Amino acid sequence: MDQTAILLVTELPPDFARWDEVLALILRAFAYMDGVIDPPSSAHRLTPENLKSKAGQETAFLALENGRIVGCIFALERAKDFYVGKLAVEPGLQGRGIGGRLMQAVEDFARRRGKNAIELQTRIELTANHAAFARLGFRETGRTAHEGYDRPTSITMRKVLS
């Protein structure tokens, strides 16, 4: 971000229609995983239509820089917590706190909804992600395998909200 850029993190409005842009952002942000993680990212199965459907079942937040979508995150409300997925930040802007701002928006929302934790999964191979989530207060709580795999493929991480 340049010094004049204004970053706004906001809950997705009900009349949101820029699904092509959100999908393109997710695919750009997740592209580095291609050939690194096995099985491949579920991002490859996303469409504008199923993203819109996902947002109808979950709460989504956007990071906007002067109106341009530069980040997103989806949060599924469960009985005692929120499950966070599809955290994406424009590759050229990563490392500048946008992901942390999106995660903070979910934490604040979870607290308002009376939840005591946020949970996510990250792939075994993505060690930089493990470290980034740990810096945000997440701790590993388990490992799971995708269907058809006899080894762990994902790490479950949880942050207890105070």
Side-chain angles (χ1 to χ4, degrees), residues 1-3 5-12 21-47 50-51 54-55 58-66 68-76 78 81-111 115-162:
M1 285 183 309
D2 66 47
Q3 299 295 13
I6 297 172
L7 182 72
L8 171 69
V9 174
T10 184
E11 189 174 335
L12 198 74
E21 293 173 59
V22 173
L23 176 58
L25 167 69
I26 292 170
L27 293 176
R28 284 191 305 274
F30 283 42
Y32 78 98
M33 298 178 197
D34 292 343
V36 174
I37 62 171
D38 182 38
S41 172
S42 62
H44 294 293
R45 295 191 301 274
L46 292 175
T47 65
N50 63 25
L51 275 173
K54 182 177 181 65
E58 303 179 28
T59 302
F61 294 87
L62 296 177
L64 301 166
E65 182 185 72
N66 299 332
R68 181 174 72 118
I69 300 170
V70 296
C72 69
I73 192 169
F74 288 78
L76 174 65
R78 303 189 299 194
D81 63 13
F82 273 88
Y83 179 81
V84 178
K86 297 301 179 260
L87 170 61
V89 173
E90 188 63 51
L93 300 177
Q94 292 174 3
R96 299 183 186 185
I98 295 170
R101 295 260 317 265
L102 286 162
M103 196 65 80
Q104 186 63 54
V106 172
E107 288 181 29
D108 294 344
F109 183 72
R111 285 185 185 95
K115 306 302 180 187
N116 66 3
I118 297 174
E119 193 169 88
L120 58 81
Q121 287 192 314
T122 182
R123 294 302 190 85
I124 294 284
E125 300 93 342
L126 303 179
T127 55
N129 287 7
H130 310 169
F133 292 130
R135 284 191 301 275
L136 292 174
F138 286 82
R139 299 294 170 254
E140 181 177 339
T141 59
R143 294 181 178 220
T144 56
H146 283 78
E147 187 176 335
Y149 285 76
D150 62 358
R151 60 168 175 80
T153 55
S154 292
I155 295 175
T156 302
M157 299 183 82
R158 187 171 185 82
K159 179 175 183 177
V160 175
L161 304 176
S162 48

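Note that the numbering runs from 1 along the sequence shown for the chain. Hydrogens, waters and symmetry mates are skipped; everything else that's a heavy atom, side chains included, is used. Just so we're clear, the structure is a prediction, and the values are computed from it rather than from any experiment.
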At what distance, to the nearest 0.5 angstrom, does [atom1] of [X] lie from [atom2] of [Y]?
| X | Y | atom1 | atom2 | result |
| --- | --- | --- | --- | --- |
| N129 | T122 | CG | OG1 | 4.0 Å |
| E125 | D38 | CD | CG | 7.0 Å |
| I124 | I155 | CD1 | CD1 | 4.0 Å |
| L136 | M103 | CG | CE | 6.0 Å |
| F30 | S42 | CZ | OG | 7.0 Å |
| L161 | D108 | CG | CG | 9.0 Å |

Quick note, ring-ring contact (aromatic ring centres under 6.0 Å, His included) partners involving residues 85-111, not counting sequence neighbours, are F61-F109, F82-F109

One pair to check against side-chain contact (heavy atoms from CB on, under 4.5 Å): L46 and V22. What are the steps and the verdict? CA-CA 10 Å; L46 292 175; V22 173; over 6 Å; no

Is a side-chain donor or acceptor of [X] paired with a backbone partner of [Y] at a separation under 3.5 angstrom?
| X | Y | value |
| --- | --- | --- |
| R143 | R151 | no |
| R139 | A134 | yes |
| K86 | I26 | no |
| H130 | R123 | yes |
| T141 | R158 | no |
| N50 | R45 | yes |
| Q94 | V89 | yes |

* Asked: So V9 and Q104, side-chain contact (heavy atoms from CB on, under 4.5 Å) or not? Walk me through it.
  -> CA-CA 10 Å; V9 174; Q104 186 63 54; over 6 Å; no

Specify the closest pair of heavy atoms between [X] and [Y], including all atoms of both residues, with the distance to one decimal.
| X | Y | value |
| --- | --- | --- |
| H146 | P39 | CG-CG, 3.6 Å |
| M33 | S41 | SD-CB, 4.5 Å |
| C72 | L102 | N-CD1, 3.5 Å |
| I69 | E90 | O-OE1, 4.4 Å |
| A88 | A29 | CB-CB, 3.7 Å |
| A43 | L27 | O-CD2, 3.5 Å |

After noting the C-alpha distance and the side-chain angles of L87 and F133, does the key distance pass the side-chain contact (heavy atoms from CB on, under 4.5 Å) rule? CA-CA 11 Å; L87 170 61; F133 292 130; 3.9 Å; yes

Dump the intermediate steps for side-chain contact (heavy atoms from CB on, under 4.5 Å) on L7 and L64, then the final yes or no.
CA-CA 6 Å; L7 182 72; L64 301 166; 5.9 Å; no

